[in-house]
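Remember, predicted model here, so these are calculated numbers, not experimental data. Computed over heavy atoms, backbone and side chain alike; hydrogens, waters and symmetry mates excluded.
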Amino acid sequence: MSLPSRDFLGAPDALRSRAPSPRPAPATLLDASGSEYKAKRDASRSHFGRHSTRPPASTILERIRRRPKLVGGALLVLAALTIAWIALGVSDYIVLVRFKLRDMSFEEGWTNGCGLRKRPLLFIRGDAELAVVWETNCEQEFAVRVGAEGPAAGDVAVVAWEVKAKRVRVSDDSNTHWAYHAILKDLHGGSTYSYQIVLRDAPPTSRPLASHSFPWLGSSTSIAASAVGDNQYNVRTFHRILLRLLSHSRTRPKLLIHLGDVVQNPQNLAQWQTDFFDPMTSLLGYPLGQSTLILLARGNHDWDATGRNVYTGGSPPRTEWVRHLGRTAKTTSPHPGTYFSYSPHPRCRILILDANLESEEQGEQEQWLEWELRRSEWKRASLRIVMVHVPPFLEYWDQKAWTESGESQWCVRASLMTSEADLRTHRSLFVRHRLTPLLSLHGTHLVISGHQHAYSRGFLPAALHHSFTSAPNSSALSPFAIASTAERGWEKTPAAQREPGTIYAIIGGAGGTLDEDLVEQWGFYEKSVKGRYHFVGLELEFETMRAKERKGVRLYRVGERDRCKEGETAVVDALGWKAVGVEGKVFDEFRIEAEGCR
């Protein structure tokens with residue numbers, strides 16, 4: 001075997017010029033000493049230093065060009081993961097698991113120290129009253145420090161005070177449910193309030209358990225609001241609804257209207273944690289529940305028969321009504337009904353009704369409603385709104401439950417009720433047969449409900465209210481009523497309408513199992529959408545301009561002409577309504593314009 005020629009290998013000098021000298025082995029360095037060690041060490045370092053003759057490393061772009069198949073495969077994997085994330089709702093499951101694990105950590109005692117189980121929520125209790133509600137895993141004495149800026153503080157100074165929190169131990173085996181609420185009274189419209197949850201008698205420099213702020217409505221010319229209903233046990237969908245609600249408008253809502261059924265079972269403490277408080281206060285990128293006023297109409301699934309309502313701020317005081325009856329606070333307690341009134345603006349009045357009461361309590365609610373409808377706050381309001389969980393005119397439900405489980409009996413007259421089952425249905429029927437006629441008589445413009453897990457919206461003229469509220473069900477309507485509503489169909493009615501009557505809307509689509517079976521057909525609903533989770537974006541505008549008619553947007557003009565007194569100015573107030581699917585698309589829109597007096 002012959003050796004390669006010298007010309008092929010190259011001359012020794014050429015070889016040395018192409019390759020760097022070998023790096024000294026560690027043993028060579030260790031064996032050296034003194035100046036010889038330093039020289040060898042420096043030679044070793046310069047092997048990969050700035051004097052190295054190694055060619056520069058390839059750029060990332062060059063490496064990608066040399067591996068097109070690897071890059072293509074990585075992109076395909078990334079695309080597949082993205083599709084799975086969206087299509088399979090992986091992010092929803094992560095949210096669900098996180099909420100469940102958080103609840104378990106408190107329940108099993110994995111969390112050290114005293115901490116917030118439920119972050120604070122803000123529940124409106126009346127025109128100038130609010131409840132701050134939270135829960136801890138330990139028994140402590142807490143207080144809420146409040147600071148106000150704006151009209152309540154004379155436009156300059158900051159007014160601060162402290163409110164003692166009421167503590168209620170919620171009975172369970174873990175002894176980790178201590179619910180608290182602090183009642184803030186005499187709130188002034190136009191003020192911004194900051195609040196801190198602190199230990200009683202803690203020094204001012206101590207770290208608060210929570211710290212947030214909220215605006216108290218009452219004087220704004222424009223109020224952004226949102227409305228949801230019936231989220232129940234569907235945490236994943238409800239959380240997506242809230243994320244969409246926050247991203248849909250450029251202005252975050254200052255008021256959240258909830259039509260009830262915030263949980264499926266009010267006795268299940270885990271549901272209050274994972275299905276309502278956590279979605280409202282966590283993983284939203286904004287402290288929605290901690291900074292937004294909640295106006296809640298309690299539903300049949302979250303009703304607390306004891307009247308304590310520890311997770312929703314307790315029963316509203318109805319102070320003016322108690323005074324009207326000549327009672328005192330001591331003789332009135334407890335009063336489990338959650339009905340009350342509230343004005344986000346002097347020319348907008350909202351009545352919150354309760355569809356879950358026993359017969360005697362229902363009778364007092366009816367008396368209260370008649371009294372409220374005669375008050376100047378209602379008469380002087382240009383926008384008159386009513387919230388009640390159970391809709392007077394339900395159309396969509398589960399067909400089997402409607403026919404085989406007797407739930408169609410919700411449409412039987414109250415006078416025929418005798419059994420306990422009849423009493424439960426009476427709570428639903430009471431709204432239509434006893435409360436709805438009063439609302440129509442006193443010029444209610446909009447009634448919003450939940451309960452039905454589908455969307456419905458329509459206008460019922462005042463002239464037809466008696467026919468509809470007296471019928472036991474839609475099939476018993478008179479031929480005249482049916483013919484009259486048929487003439488007011490969506491396609492036949494002009495875009496702008498001015499006629500005495502009431503708009504009825506059902507928005508129970510925030511998470512409960514969707515209703516897709518048509519079990520009643522009242523005929524006056526102009527827009528119905530089934531099989532779609534949704535929420536509603538609202539905009540209250542005061543002293544605004546009349547809107548132009550737009551295709552696909554119903555315009556209702558309500559109110560009396562020339563009713564302003566001497567010295568008052570006629571103005572236009574409006575309510576804008578957009579029903580939005582969970583995917584972000586608007587599928588129904590209307591506007592109410594009312595004539596008011598400033």
Participant: Answer whether the closest heavy-atom distance between the side chains of Val529 and Arg532 falls below 4.5 Å.
Facilitator: yes

Participant: Set out, in order, the CA-CA distance, both residues' side-chain angles and the distance that settles side-chain contact (heavy atoms from CB on, under 4.5 Å) for Trp303 and Asp261, then state yes or no.
Facilitator: CA-CA 8 Å; Trp303 171 246; Asp261 282 1; over 6 Å; no

Participant: Is a side-chain N or O of Glu108 found less than 3.5 angstrom from the main chain of Trp110, in a donor-acceptor match?
Facilitator: no

Participant: Please check this pair: side chain of His301 against backbone of Asn265, looking for a donor-acceptor N/O pair closer than 3.5 Å.
Facilitator: no

Participant: What's the spacing between Asp304 CG and Thr312 OG1 if we round to 0.5 Å?
Facilitator: 7.5 Å

Participant: Is the charged tip of Arg167 near the ring of Phe142: under 6.0 Å from the six-membered ring centre and within 45° of its axis?
Facilitator: no

Participant: Whether Arg252 engages the ring of Tyr286 as a cation-pi pair (distance to the six-membered ring centre under 6.0 angstrom, angle to the ring normal within 45°) should be assessed.
Facilitator: yes

Participant: Where is the tightest heavy-atom contact between Thr338 and Pro316, given as atom of each residue plus distance?
Facilitator: CA-CD, 3.8 Å

Participant: Could you check whether atom CZ of Arg98 has more than 12 heavy atoms from other residues, nucleotides or ligands sitting under 6.0 Å from it?
Facilitator: no

Participant: Assess, by modelled atom type and distance only, whether the side chains of His453 and Gln232 contain a donor and an acceptor separated by less than 3.5 Å.
Facilitator: yes

Participant: What distance do Thr502 atom OG1 and Leu446 atom CG have between them, rounded to the nearest 0.5 Å?
Facilitator: 9.0 Å

Participant: Classify the ring geometry between His248 and Phe535 as parallel (under 30°), tilted (30 to 60°) or perpendicular (over 60°).
Facilitator: perpendicular

Participant: Assess the side chains of Asp354 and His389: does a donor N or O sit below 3.5 Å from an acceptor N or O?
Facilitator: no

Participant: For Val163 and Ile183: C-alpha separation, side-chain torsions, deciding distance, then whether side-chain contact (heavy atoms from CB on, under 4.5 Å) applies.
Facilitator: CA-CA 7 Å; Val163 179; Ile183 307 301; 5.5 Å; no

Participant: Determine whether Ile503 and Val447 make a side-chain contact, defined as any pair of heavy atoms from C-beta on separated by less than 4.5 Å.
Facilitator: no

Participant: To the nearest 0.5 Å, tell me how far Met104 CE sits from Lys100 NZ.
Facilitator: 9.5 Å

Participant: Both conditions, 6.0 Å and 45 degrees, for the charged tip of Arg236 above the ring of Tyr93: are they met here?
Facilitator: yes

Participant: Distance check, rounded to the nearest 0.5 Å: His188 atom NE2 versus Ser191 atom OG?
Facilitator: 6.5 Å

Participant: How long is the span from the CG atom in Leu130 to the CD1 atom in Ile294, to the nearest 0.5 Å?
Facilitator: 9.0 Å

Participant: Can you check side-chain contact (heavy atoms from CB on, under 4.5 Å) on Ile448 and Val386, steps first, answer last?
Facilitator: CA-CA 6 Å; Ile448 316 174; Val386 170; over 6 Å; no

Participant: Charged N to carboxylate O under 4.0 angstrom, Glu107 versus Arg117?
Facilitator: yes

Participant: Please state whether the rings of Tyr504 and Phe393 are parallel, tilted or perpendicular, taking 30° and 60° as the class boundaries.
Facilitator: perpendicular

Participant: Rounded to the nearest 0.5 Å, how far apart are CG of Leu122 and CH2 of Trp134?
Facilitator: 11.0 Å

Participant: Given the rule in the side-chain contact (heavy atoms from CB on, under 4.5 Å) test, do Ile385 and Leu351 qualify, once you have shown the distances and angles that lead to the verdict?
Facilitator: CA-CA 6 Å; Ile385 304 169; Leu351 304 183; over 6 Å; no

Participant: What is the minimum heavy-atom distance between His451 and Asp515, and which atoms define it?
Facilitator: O-OD2, 4.3 Å

Participant: Is a side-chain N or O of Arg384 found less than 3.5 angstrom from the main chain of Ala381, in a donor-acceptor match?
Facilitator: yes

Participant: Is the Phe214 ring parallel, tilted or perpendicular to the Trp216 ring (thresholds 30°, 60°)?
Facilitator: perpendicular

Participant: Look at the side chain of Asp127 and the backbone N and O of Ser343, then say whether any donor-acceptor pair between them is shorter than 3.5 Å.
Facilitator: yes

Participant: Report yes or no: do Thr136 and Gln140 form a side-chain donor-acceptor pair below 3.5 Å?
Facilitator: no

Participant: Backbone N or O of Thr251 within a donor-acceptor pair of the Ser249 side chain at under 3.5 Å?
Facilitator: yes

Participant: Is it the case that Glu583 and Tyr533 place a side-chain donor and acceptor less than 3.5 Å from each other?
Facilitator: no

Participant: Is there side-chain contact between Ile350 and Met387, with at least one heavy-atom pair below 4.5 Å?
Facilitator: yes

Participant: Under a 4.5 Å cut-off applied to non-hydrogen side-chain atoms, are Ser449 and Pro392 in contact?
Facilitator: yes

Participant: Taking the inter-plane angle between the rings of Trp577 and Tyr455 on a 0 to 90° scale, is it parallel (under 30°), tilted (30 to 60°) or perpendicular (over 60°)?
Facilitator: tilted

Participant: Please tell me if the side chains of Phe123 and Leu295 come closer than 4.5 Å, counting only heavy atoms from C-beta onward.
Facilitator: no

Participant: Under a 4.5 Å cut-off applied to non-hydrogen side-chain atoms, are Leu242 and Leu246 in contact?
Facilitator: no

Participant: Side chains of Leu209 and Leu116: does their closest heavy-atom pair fall under 4.5 Å?
Facilitator: yes

Participant: Which atoms form the tightest heavy-atom contact between Ile507 and Val536, and what is the distance?
Facilitator: CG2-CG2, 3.6 Å

Participant: Which heavy atom of Ala179 sits nearest a heavy atom of Val170, and at what distance?
Facilitator: CB-CG2, 4.1 Å

Participant: Using modelled atom types only, decide if a donor and an acceptor are shared between the side chain of Arg318 and the backbone of Tyr339 within a distance under 3.5 Å.
Facilitator: yes

Participant: Give me the atom names and distance for the closest heavy-atom approach of Asp103 to Gln273.
Facilitator: OD1-CG, 3.4 Å

Participant: Taking atom types as modelled and ignoring hydrogens, do the side chains of Glu539 and Ser222 form a donor-acceptor contact shorter than 3.5 angstrom?
Facilitator: yes

Participant: Closest heavy-atom contact between Asp230 and Gly508?
Facilitator: OD1-CA, 3.5 Å

Participant: Do the side-chain N and O atoms of Thr176 and Asn137 include a donor-acceptor pair separated by under 3.5 angstrom?
Facilitator: no

Participant: Quick one: are the ring centres of His442 and Trp378 less than 6.0 Å apart?
Facilitator: no

Participant: Between Arg349 and Glu372, does any NZ, NE, NH1 or NH2 come within less than 4.0 Å of an OD or OE carboxylate oxygen?
Facilitator: yes

Participant: Quick one: does any side-chain atom of Arg374 pair with a main-chain N or O of Leu369 as donor and acceptor, under 3.5 Å?
Facilitator: no

Participant: Is the shortest side-chain heavy-atom distance between His181 and Val310 below 4.5 Å?
Facilitator: no

Participant: Do the charged groups of Arg591 and Glu541 touch, with an N to O distance under 4.0 Å?
Facilitator: yes

Participant: Going by the angle between their ring planes, with limits at 30° and 60°, are Phe587 and His534 parallel, tilted or perpendicular?
Facilitator: perpendicular

Participant: Is the backbone N or O of His433 less than 3.5 Å from a side-chain atom of Thr436, with the two atoms forming a donor-acceptor pair by type?
Facilitator: no

Participant: Does any N or O in the side chain of Ser206 come within less than 3.5 Å of the main-chain N or O of Pro203, such that one atom is a donor and the other an acceptor?
Facilitator: yes

Participant: Donor-acceptor pair, distance only, cut-off 3.5 Å: does the side chain of Arg119 make one with the backbone of Ser282?
Facilitator: no

Participant: Checking His258 against Asn231 for the side-chain hydrogen bond (donor to acceptor under 3.5 Å, both in side chains) test, could you report, in this order, the C-alpha distance in whole Å, the side-chain angles of both residues, the deciding distance, and whether it holds?
Facilitator: CA-CA 10 Å; His258 200 302; Asn231 53 282; 2.7 Å; yes

